[in-house]
**Q** 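I have a structure here, written as structure tokens, and I will follow up with some questions on it.
Position 1 is the first residue of the sequence, and the numbers go up from there.
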Amino acid sequence: MAPLLRVQNFTVSSDGFGAGADQTLERPFGHADPGELFAWAFATASWPGRTDPGGSRGIDDHLTRDFTHNIGAEIMGRNKFGPQRGPWPDLEWRGWWGDEPPFHTPVFVLTHHDRPSFTLGDTTFHFVGGEPAAILDRARQAAGGKDVRLGGGASVVRQFLDADLVDTLHVAVAPVTLGSGTRLWESPDELRDRFHLDVVPSPSGVVHHLFWRR
């Protein structure tokens with residue numbers, strides 16, 4: 001099977017927003033509370049940030065555990081990397097994740113402004129522009145035959161969907177209403193013309209939408 005472009009564990013509100021409005025350094029998700037939006041994942045036994053034993057099992061844990069499986073590179077938007085806009089004002093900023101980012105692969109950050117690549121731990125960040133297909137080709141070369149994860153945010157996922165490049169999507173719809181922000185969809189039915197869809201409710205309150213290309 002050819003390597004896939006996968007969206008995994010991407011969480012949106014019940015009204016389709018992947019993040020709130022007014023992102024700042026202190027609030028990476030704008031007015032959205034990540035503790036509410038991602039509560040389903042934080043509660044799982046396999047959540048990588050867990051520091052105590054325990055955590056939930058079941059469908060939420062299974063999907064959280066699959067996050068790194070066969071992933072060789074990630075593509076993300078600039079807003080996922082940091083809050084800056086325009087030319088890079090501060091090269092000291094190296095993302096939200098500290099000295100050990102959770103990706104452990106090459107990461108391609110979409111931007112219109114040049115910035116040198118750098119490495120933290122076993123993650124190397126590259127800053128790239130261009131059309132989605134060309135960026136995906138570069139990420140696939142770096143992935144060494146493994147799949148590429150499309151990490152978001154919502155506008156980046158839509159960009160690659162509109163270019164018909166996404167093979168599978170897992171979107172968790174959380175029982176939270178945001179009202180504004182960066183929207184993935186008005187309804188998941190928007191994707192039914194190109195994807196099969198399974199809808200799996202979870203006891204945690206989220207509803208998992210599992211899409212794969214027709």
Side-chain angles (χ1 to χ4, degrees), residues 4-14 17-20 23-77 79-83 93-107 109 118-125 143-144 146-154 157 168-178 181 184 188 198-212:
L4 303 176
L5 179 62
R6 296 158 52 189
V7 177
Q8 296 177 274
N9 298 351
F10 192 83
T11 303
V12 301
S13 63
S14 60
F17 294 98
Q23 182 191 52
T24 66
L25 179 63
E26 293 76 21
R27 297 190 67 88
F29 288 87
H31 76 281
D33 180 352
E36 293 182 353
L37 200 60
F38 302 106
W40 70 273
F42 295 161
T44 63
S46 298
W47 176 250
R50 175 170 294 284
T51 58
D52 58 319
S56 67
R57 295 293 182 178
I59 183 65
D60 293 348
D61 184 65
H62 174 80
L63 291 166
T64 300
R65 189 170 63 248
D66 193 50
F67 184 71
T68 60
H69 178 68
N70 199 45
I71 294 296
E74 168 150 342
I75 298 169
M76 70 171 63
N79 291 4
K80 181 174 177 178
F81 179 78
W93 173 261
R94 294 190 162 199
W96 308 102
W97 306 281
D99 292 335
E100 293 291 338
F103 307 105
H104 312 295
T105 66
V107 174
V109 181
F118 66 85
T119 299
L120 289 173
D122 56 359
T123 298
T124 299
F125 292 93
K146 294 184 177 181
D147 296 338
V148 176
R149 181 171 53 234
L150 184 59
V157 174
T168 67
L169 302 87
H170 162 225
V171 180
V173 178
V176 177
T177 301
L178 293 181
L184 179 65
D198 280 346
V199 179
V200 184
S202 167
S204 65
V206 301
V207 179
H208 298 289
H209 291 68
L210 305 171
F211 299 85
W212 66 101

**Q** How about Thr11 and Val206: do any of their side-chain heavy atoms sit closer than 4.5 Å?
**A** no
**Q** Hey, does the side chain of Trp96 reach the backbone of Lys80 with a donor-acceptor pair shorter than 3.5 angstrom?
**A** yes
**Q** Just checking, is any N or O donor in the side chain of Ser56 or Asp61 under 3.5 Å from an acceptor N or O on the other one?
**A** no
**Q** Can you tell which of Thr119, Leu120, Asp99 makes a side-chain contact (heavy atoms from CB on, under 4.5 Å) with Arg94?
**A** Leu120
**Q** To the nearest 0.5 angstrom, please state how far the CG atom of Leu4 sits from the CG atom of Leu150.
**A** 12.5 Å
**Q** Is the backbone of Val176 close enough, under 3.5 Å, to the side chain of Ser14 for a donor and an acceptor to pair up by distance?
**A** yes
**Q** May I ask you to decide if Phe81's main-chain N or O and Trp93's side chain share a donor-acceptor pair within less than 3.5 Å?
**A** yes
**Q** Ignoring hydrogens and angles, tell me if any N or O in the side chain of Gln8 forms a donor-acceptor pair with the backbone of Asp66 under 3.5 Å.
**A** yes
**Q** Arg50 and Asp52: side chain to side chain contact (heavy atoms under 4.5 Å, CB included), yes or no, with the steps?
**A** CA-CA 6 Å; Arg50 175 170 294 284; Asp52 58 319; 3.1 Å; yes
**Q** For Phe125 and Pro101, work out which heavy atoms get closest and say how close.
**A** CE1-CG, 3.9 Å
**Q** Checking Asp60 against His208: is there a side-chain donor and acceptor pair closer than 3.5 Å?
**A** yes
**Q** Within the structure provided, determine whether Thr24 and Pro83 are in side-chain contact (heavy-atom separation under 4.5 Å).
**A** no
**Q** Do Thr44 and Ser46 pair up side chain to side chain, a donor and an acceptor below 3.5 Å, judged on atom types alone?
**A** no
**Q** Identify the residue among Asp147, Val148, Leu169 that makes a side-chain contact (heavy atoms from CB on, under 4.5 Å) with Leu5.
**A** Val148
**Q** Compute whether any side-chain donor of one residue and acceptor of the other, for Trp97 and Thr123, lie under 3.5 angstrom apart.
**A** no
**Q** Quick one: does any side-chain atom of His170 pair with a main-chain N or O of Asn9 as donor and acceptor, under 3.5 Å?
**A** yes
**Q** Distance-only, no hydrogens or angles: does the Arg6 side chain make a donor-acceptor pair with backbone N or O of Phe67 under 3.5 Å?
**A** no
**Q** Ignoring hydrogens and angles, tell me if any N or O in the side chain of Gln23 forms a donor-acceptor pair with the backbone of Phe29 under 3.5 Å.
**A** no
**Q** Which value, rounded to the nearest 0.5 Å, describes the distance between Glu36 atom CD and Phe42 atom CZ?
**A** 11.5 Å
**Q** Kindly compute the distance separating CG (Asp33) from NE2 (His31), expressed to the nearest 0.5 Å.
**A** 10.5 Å
**Q** List the atom of Gly205, the atom of Pro175, and the distance in Å for their closest heavy-atom pair.
**A** O-CD, 3.6 Å
**Q** When you measure from the centre of the six-membered ring of Phe103, is the NZ or CZ of Arg149 closer than 6.0 Å and no more than 45° off the axis?
**A** no
**Q** Can you tell me if Ser13 uses its side chain to pair, donor with acceptor, with the backbone of Phe17 under 3.5 Å?
**A** yes
